[in-house]
Amino acid sequence: MSESIQDKSLQKLTRDFYRQDALSVAPKLLGKLLVKNYNSRILSGMIVEVEAYRGTDDAASHTFNGKTKRNEVMYYEGGYLYVYFTYGMYHCCNVVTGKAGEGEAVLIRALQPVEGAEEMIKNRHLVKSADERMKNISNGPGKLCIALGIDRKHNGISLLGDKIYMTEYRNIKSENIITTERIGISKSKHLLWRFYIKDNEFLSR
DNA sequence: AGGGTGATATACT
DNA sequence: GTATATCACCCTT
C-alpha cells in the first residue's frame, strides 16, 4: 500500500462495462487508454476513433453469417480482444462486447500515443523528424496494431489481464463526439456506427 | 488511382 | 479439390 495513491483515472475497465451493447460501448471507449505490455515496457494510447460491429443486423460484421473459425472470439462475452489478419499484411484490433453468443465488437481505428511513442515509431519503421510524422504513428487500424505490436497471437486474450487492457483516462464530453458512417466497408453503409473525438489530430481521416 | 499481400468464403469441377 | 472474388488497409504515384 506504500505507493498506492490510487489514480482513479487509470482504473481498469470492468467486465460489466464490456458486457454492454457494442453501440453503447463504442462511444464510451473514446478517451480511454489502450495499454500494452511490450517487452516489459508499457505502450499506450488514447482511443480517438472507433466503429461498432454487431452480428445479426449488420451485414458488414464478420459475424453476420454466423460463427466460423476466424470470428469465434467475437462470440465470447465482452472483455476479450478480437484480432484478425487482413489484406495480406495488416491486423485489426477489436474489443468484444455484449454477452456470450452475441457476436459483437468495437474496432479500434485510431490512437493518440501516450506512453512509449519512441518504441512505436521503431515498430512502424518511421523516422522521427517532424511532428507531422508523430501523427502518423497510430492513426489507422492497421497502423496502431503495428505500433503496439498486436497480431494474431493476441486474438482471444482477456482485457481484464495484464498483457493488454484498457483504463479510464479522459472524459470526453458528448458534444465532442462525432457520429458518422463507417469507413472502408461496402455493406450496411447507412449505419452511423463510427465515433470519433472532434478535431483530434490523430484520426484516420 | 492502383498495387501489394494472403486468409477466407463461396462457387464451382 | 481448385478457382475466383472479396476484404473493417496502407503506401506510393
Side-chain angles (χ1 to χ4, degrees), chain A residues 18 21-27 29-30 34 45 47-76 78 80-98 102-113 120-130 132-157 159 164 166 178-197 200-205:
Chain A
Y18 295 117
D21 182 273
L23 284 179
S24 307
V25 173
L29 283 175
L30 299 174
L34 175 60
I47 297 170
V48 301
E49 177 182 343
V50 298
E51 286 177 0
Y53 286 87
R54 197 161 68 173
T56 53
D57 53 351
D58 177 10
S61 173
H62 286 175
T63 53
F64 186 63
N65 291 314
K67 194 181 281 190
T68 67
K69 191 169 183 178
R70 174 216 215 181
N71 69 21
E72 64 175 338
V73 170
M74 272 184 81
Y75 288 92
Y76 290 8
Y80 291 87
L81 203 65
Y82 169 49
V83 182
Y84 66 91
F85 183 69
T86 190
Y87 292 106
M89 39 176 108
Y90 299 106
H91 298 272
C92 289
C93 173
N94 302 251
V95 178
V96 178
T97 65
E102 290 184 332
E104 304 183 351
V106 177
L107 171 69
I108 310 298
R109 285 197 58 89
L111 296 176
Q112 174 171 340
M120 296 186 208
I121 289 168
K122 274 192 217 161
N123 287 345
R124 291 261 296 125
H125 305 109
L126 298 174
V127 181
K128 183 190 176 186
S129 48
E132 192 61 32
R133 287 314 241 174
M134 294 290 287
K135 295 175 192 172
N136 194 28
I137 296 176
S138 52
N139 60 337
K143 297 181 193 180
L144 72 90
C145 283
I146 299 170
L148 295 185
I150 293 174
D151 60 35
R152 272 168 295 190
K153 289 196 303 289
H154 307 287
N155 187 37
I157 206 169
L159 292 168
I164 300 180
M166 296 191 175
I178 309 293
T179 303
T180 70
E181 294 180 348
R182 293 172 295 180
I183 292 177
I185 56 168
S186 51
K187 299 170 190 166
S188 295
K189 266 191 156 152
H190 60 286
L191 299 173
L192 302 179
W193 287 4
R194 172 174 176 250
F195 307 90
Y196 64 89
I197 298 177
N200 187 277
E201 293 194 308
F202 298 84
L203 301 173
S204 67
R205 67 167 89 153

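Labels below follow one simple rule: chain letters A, B, ... track the order of the sequence lines, proteins then strands, and each chain is numbered from 1.
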### Query
Taking atom types as modelled, is there a side-chain donor on A/Arg194 or A/Thr180 under 3.5 Å from an acceptor on the other?
yes
Rounded distance in Å - [atom1] ([X]) to [atom2] ([N]):
X: A/His125; N: C/dC10; atom1: NE2; atom2: C1'; answer: 15 Å
X: A/Tyr82; N: B/dT8; atom1: OH; atom2: C1'; answer: 10 Å
X: A/Phe64; N: B/dT10; atom1: CZ; atom2: C1'; answer: 16 Å
X: A/Leu126; N: C/dC11; atom1: CG; atom2: P; answer: 8 Å
X: A/Ile146; N: C/dC10; atom1: CD1; atom2: P; answer: 8 Å
X: A/Met89; N: B/dG3; atom1: CE; atom2: C1'; answer: 9 Å
X: A/Arg70; N: C/dA8; atom1: CZ; atom2: C1'; answer: 9 Å
X: A/Asn71; N: B/dT8; atom1: CG; atom2: C1'; answer: 11 Å

What's the closest nucleotide to the [X] side chain, out of [options]?
X: A/Asn65; options: B/dA9, B/dA7, B/dT10; answer: B/dT10
X: A/His62; options: C/dC7, B/dG4, C/dA8; answer: C/dA8
X: A/Phe85; options: C/dC9, B/dA7, B/dA9; answer: B/dA7
X: A/Arg124; options: C/dA8, B/dA7, C/dC11; answer: C/dC11
X: A/Arg152; options: C/dC9, B/dA7, B/dT8; answer: B/dA7

### Task
With A/Arg109 as the cation and A/Phe195 as the aromatic partner, state whether NZ or CZ is under 6.0 Å from the six-membered ring centre and within 45° of the axis.
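Relative to the ring axis of A/Phe195, which defines the angle, A/Arg109 lies outside at least one limit.
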### Task
Please determine if A/Lys135 forms a cation-pi arrangement with A/Phe202, meaning its NZ or CZ atom is less than 6.0 Å from the six-membered ring centre and no more than 45° off the ring axis.
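Because its charged atom misses either the 6.0 Å distance or the 45° angle limit, A/Lys135 does not stack over A/Phe202.
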### Task
Decide yes or no, distance alone: a donor-acceptor N/O pair under 3.5 angstrom between the base of B/dA7 and the side-chain of A/Tyr87.
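Such a pair does not exist between side chain and base.
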Reckon [X] touches a base, only the sugar-phosphate, or nothing at all at heavy-atom distances under 4.0 Å?
X: A/Arg182; answer: nothing
X: A/Ser204; answer: nothing
X: A/Arg205; answer: nothing
X: A/Lys143; answer: sugar-phosphate

### Message
I'd like to check, for A/Tyr90, whether its ring lies over the base of C/dC9 with centroids under 5.5 Å apart and a plane angle smaller than 30°.
### Response
no
## Note on the structure
So the stems of DNA chain B, runs of at least three Watson-Crick or G-U pairs (under 3.5 Å), are B:1-4 with C:9-12, B:6-12 with C:1-7
### Task
Check whether any side-chain nitrogen or oxygen of A/Ser186 sits under 4.0 Å from OP1 or OP2 of C/dT6, and answer yes or no.
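A/Ser186 to C/dT6 OP1/OP2: no side-chain N or O under 4.0 Å.
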### Query
Any side-chain N or O of A/Thr68 under 4.0 Å from OP1/OP2 of B/dA9?
yes
### Query
Taking the side chain from A/Ser138 and the backbone from A/Leu111, do they hold a donor-acceptor pair closer than 3.5 Å?
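Between the backbone of A/Leu111 and the side chain of A/Ser138 there is a qualifying donor-acceptor contact (under 3.5 Å).
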### Query
Is a donor on one side and an acceptor on the other found under 3.5 Å between the side chain of A/Asn155 and the backbone of A/Val83?
yes
### Task
Go through A/Tyr53 and A/His62 one step at a time and tell me if the ring pair (Phe, Tyr, Trp, His ring centres under 6.0 Å) criterion holds.
CA-CA 8 Å; A/Tyr53 286 87; A/His62 286 175; 7.4 Å; no
#### Entry: Note: A/Arg54-A/Asp21 ion pair, threshold 4.0 Å (strictly below)
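Looking at A/Asp21 together with A/Arg54, the answer is yes, because their closest N to O distance falls below 4.0 Å.
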### Query
Is there a side chain to side chain donor-acceptor pair (under 3.5 Å) between A/Asn139 and A/Lys143 once you walk through the steps?
CA-CA 7 Å; A/Asn139 60 337; A/Lys143 297 181 193 180; 3.0 Å; yes
